[in-house]
Amino acid sequence: MFRTVVVATLGLTASLAYAQDAEISVANGARIAVIGGCHDCHTANYNEMEGKVDPATALKGNPVGFQGPWGTTYPPNLRIVAASHSEDEFVEYLKTFKARPPMPWYNVHAFSEPEMRSLHQYIVSLGEPGDPAPAYVPPGEKPKSPFAILAPPNMP
Ligand code: HEC
């Protein structure tokens, strides 16, 4: 009897947690942007601010780029990407896009559709898209904006 109750309770808790994950909402989008690591690169000073999301800069891209054998890439302003795609288009885009390093695009492909929709609603809710981040600079060309070097200096 006791065992049946425990098993039933665990099952219910699991399905409630699942229902919460599947819910499409701005709040879930905000959570996904944190646990997906999107702010780490696409929100300026996020790491320096120890994870405090500044609504003025959240997901507006980063003026500091990453340089490696692929050239110099700047995390783009995701508010512009979200504003220029309807929710359905954004889902299609997130399922299929690829980008240069260090963008972990393959991780984004693993999001469920409700997660992608929540992310779109969250990004749109952040407000004015603002200006684009600096453009990609190909290898051998000198960037005009700051960047961190990601290539290991002692590659064999
Ligand atoms: C390690 C840093 C890093 C992380 C973490 C990261 N990004 Fe990026 N992202 C980048 C960079 C750099 C680019 C630009 C790549 C290029 O120029 O090809 C980019 C590009 C993109 C693009 C393409 C934008 C466009 O203009 O077409 C999308 C969409 C994107 N990221 C979404 C996300 C999402 C969603 C997350 C969180 C799940 C995330 N990124 C996490 C660094 C990152």
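Both ligands and their constituent atoms are indexed starting at 1 by order of listing. In what follows, every heavy atom counts, from backbone to side chain, and hydrogens, waters and symmetry copies are set aside.
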### Enclosure of Glu128 CD (heavy-atom neighbours >12, cutoff 6.0 Å)
no
### Query
In Å, rounded to the nearest 0.5 Å, how long is the span from OH of Tyr46 to OG1 of Thr57?
11.0 Å
### Query
If two hydrophobic side chains count as joined below 4.5 Å and joins carry through other members, does Val124 share a cluster with Val108?
no
### Query
What do you reckon, is CG of Asp131 surrounded by more than 12 foreign heavy atoms closer than 6.0 Å?
no
### Message
For Trp70, state whether at least one heavy atom is located under 4.0 Å from any atom of ligand 1.
### Response
no
### Task
Around atom 8 (Fe) of ligand 1, list the protein N/O/S atoms within a radius below 2.8 Å, excluding water molecules.
His42 NE2, Met103 SD
### Summary
One should read off an interatomic distance between Asn62 CG and His42 NE2, to the nearest 0.5 angstrom, of 9.0 Å
### Query
Which atoms of ligand 1 are found less than 4.0 Å from any heavy atom of Arg100?
15 (C), 16 (C), 17 (O), 18 (O)
### Task
Measure up the His39 and Tyr122 rings against each other and bin them: parallel (under 30°), tilted (30 to 60°), perpendicular (over 60°).
perpendicular
### Query
Considering distance alone, does some N or O of Tyr136 sit under 3.5 Å from an N or O of ligand 1?
no
### Message
Within the structure, is a non-hydrogen atom of Leu119 found at a distance of less than 4.0 Å from ligand 1?
### Response
yes
### Query
When rounded to the nearest 0.5 angstrom, what distance separates CH2 in Trp70 from CG in Leu150?
4.5 Å
### Proximal atoms of ligand 1 relative to Gly37 (non-hydrogen, under 4.0 Å)
5 (C)
### Atoms of ligand 1 close to Gly36 [distance to a heavy atom under 4.0 angstrom, numbered from 1]
37 (C), 38 (C)
### Query
Among Tyr93, Phe90, Tyr74, Phe97, whose heavy atom sits nearest atom 27 (O) of ligand 1?
Tyr93
#### Entry: Salt-bridge contact Asp88-Arg117 (side-chain N to carboxylate O under 4.0 Å)
yes
### Spacing of Arg100 atom CZ and Tyr74 atom OH [to the nearest 0.5 Å]
12.5 Å
